[in-house]
Amino acid sequence: TLQFIGGMYMQVSSRFTIAVHIFTCIAIAEKKYKVTSKFLASSINVNPVIIRNIVLMLKAHGLIDSRQGTSGIKIAKCPSEITLLDIFNAVESLDNGRLFSFHENPAQDCPVGSHIHSVLDGRLDQIQNALEKELKSISLASIIEDAEAQTARDAEVANNDCSAEA
């Protein structure tokens, strides 16, 4: 997805939001259903291969348990112990740990090119630190709680609509 940020377009991966959707869906659905990549793909509306690839990333970071042919995909830790930063770090590949890639070799004989790193590097670090701090402050448990509250409200509205028709 292209997003307009700071006067320019940046490509932002959807792996992070898909991963959060995966966790939320598991937490809500596992009480009633066996959660598989096909099940998750139907909720997220993507190909199951995309789900399997993201699940493998999350599993490699110890956030998801999954074994083929068993009880389905499970959250490996208590959701209150998982932050959005943990999820982001599991699925987003940063260039040497840096959110922003810098074009290589700006022209040193140019007045802008020779100073662009000193002008931008600190600011980009500030932006990345702010993002990481915010992601770290939000637990997966809070996302799940909000999703459960919204699905409960939807169920309540649906029940009220049905009883009004009777």
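Because the structure is a prediction, the values reported are computed rather than measured.
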Discussion item. Could you check whether atom NZ of Lys136 has more than 12 heavy atoms from other residues, nucleotides or ligands sitting under 6.0 Å from it?
Written reply: no
Worksheet item: CD of Glu148: more than 12 outside heavy atoms within 6.0 angstrom?
Response: yes
Nearest 0.5 angstrom please: [X] [atom1] to [Y] [atom2], how far?
X: Lys34; Y: Lys74; atom1: NZ; atom2: NZ; answer: 9.5 Å
X: Thr24; Y: Ile28; atom1: OG1; atom2: CD1; answer: 6.5 Å
X: Asn129; Y: Glu134; atom1: CG; atom2: CD; answer: 13.0 Å
X: Ser37; Y: Ile54; atom1: OG; atom2: CD1; answer: 11.5 Å
X: Ile75; Y: Glu81; atom1: CD1; atom2: CD; answer: 12.0 Å
X: Phe39; Y: Ile73; atom1: CZ; atom2: CD1; answer: 10.5 Å

Grouping I, L, V, M, F, W and Y whenever their side-chain heavy atoms are under 4.5 Å apart, do [X] and [Y] come out in a common cluster?
X: Ile116; Y: Ile127; value: yes
X: Val46; Y: Ile64; value: yes
X: Leu56; Y: Leu58; value: no

Fill in: Of all pairs that satisfy salt bridge (Lys or Arg N to Asp or Glu O under 4.0 Å), the ones with a partner from residues 40-66, not counting sequence neighbours
none
Fill in: Inter- and intrachain pairs under salt bridge (Lys or Arg N to Asp or Glu O under 4.0 Å), touching residues 115-126, at least two apart
Arg98-Asp125
Worksheet entry | For Glu30, all residues meeting side chain to side chain donor-acceptor pair (under 3.5 Å), sequence neighbours excluded | none
Worksheet, complete the sentence: With sequence neighbours left out, the residues meeting side chain to side chain donor-acceptor pair (under 3.5 Å) with Ser43 are His21
Quick one: closest heavy-atom pair of [X] and [Y], and the distance?
X: Pro106; Y: Gly113; answer: CB-O, 3.5 Å
X: His61; Y: Met57; answer: ND1-O, 3.1 Å
X: Gln108; Y: Ser114; answer: O-CB, 3.3 Å
X: Pro79; Y: Ser139; answer: O-CB, 4.2 Å

Item to complete: With sequence neighbours left out, write down each residue that passes salt bridge (Lys or Arg N to Asp or Glu O under 4.0 Å) with Arg15, or none if nothing qualifies.
Response: Glu92
Side-chain contact test, heavy atoms from C-beta onward, threshold under 4.5 Å: evaluate it for [X] versus [Y] and give yes or no.
X: Ile18; Y: Val91; answer: no
X: Ile51; Y: Thr36; answer: no
X: Leu40; Y: Val35; answer: yes

Worksheet item: Is a side-chain N or O of Asn53 found less than 3.5 angstrom from the main chain of Ile50, in a donor-acceptor match?
Response: no
Worksheet item: Is Ser142 reaching over with its side chain to a backbone N or O of Ile138, donor-acceptor style, under 3.5 angstrom?
Response: no
Practice prompt. Can you sort out the partners of Phe88 under ring-ring contact (aromatic ring centres under 6.0 Å, His included), two or more places apart, ordered by chain and number?
Written response: Phe16
Item to complete: Before giving the answer on side-chain contact (heavy atoms from CB on, under 4.5 Å), spell out for Thr17 and Ser14 the whole-Å C-alpha distance, their side-chain angles and the decisive distance to 0.1 Å.
Response: CA-CA 5 Å; Thr17 55; Ser14 61; 4.1 Å; yes
Worksheet entry | Passing candidate, side-chain contact (heavy atoms from CB on, under 4.5 Å) with Phe23, options Ile82, Leu84, Ile143 | Ile82
Practice prompt. I would like to know whether Leu135 and Ile87 meet side-chain contact (heavy atoms from CB on, under 4.5 Å); could you show each step before the answer?
Written response: CA-CA 9 Å; Leu135 289 173; Ile87 298 168; over 6 Å; no
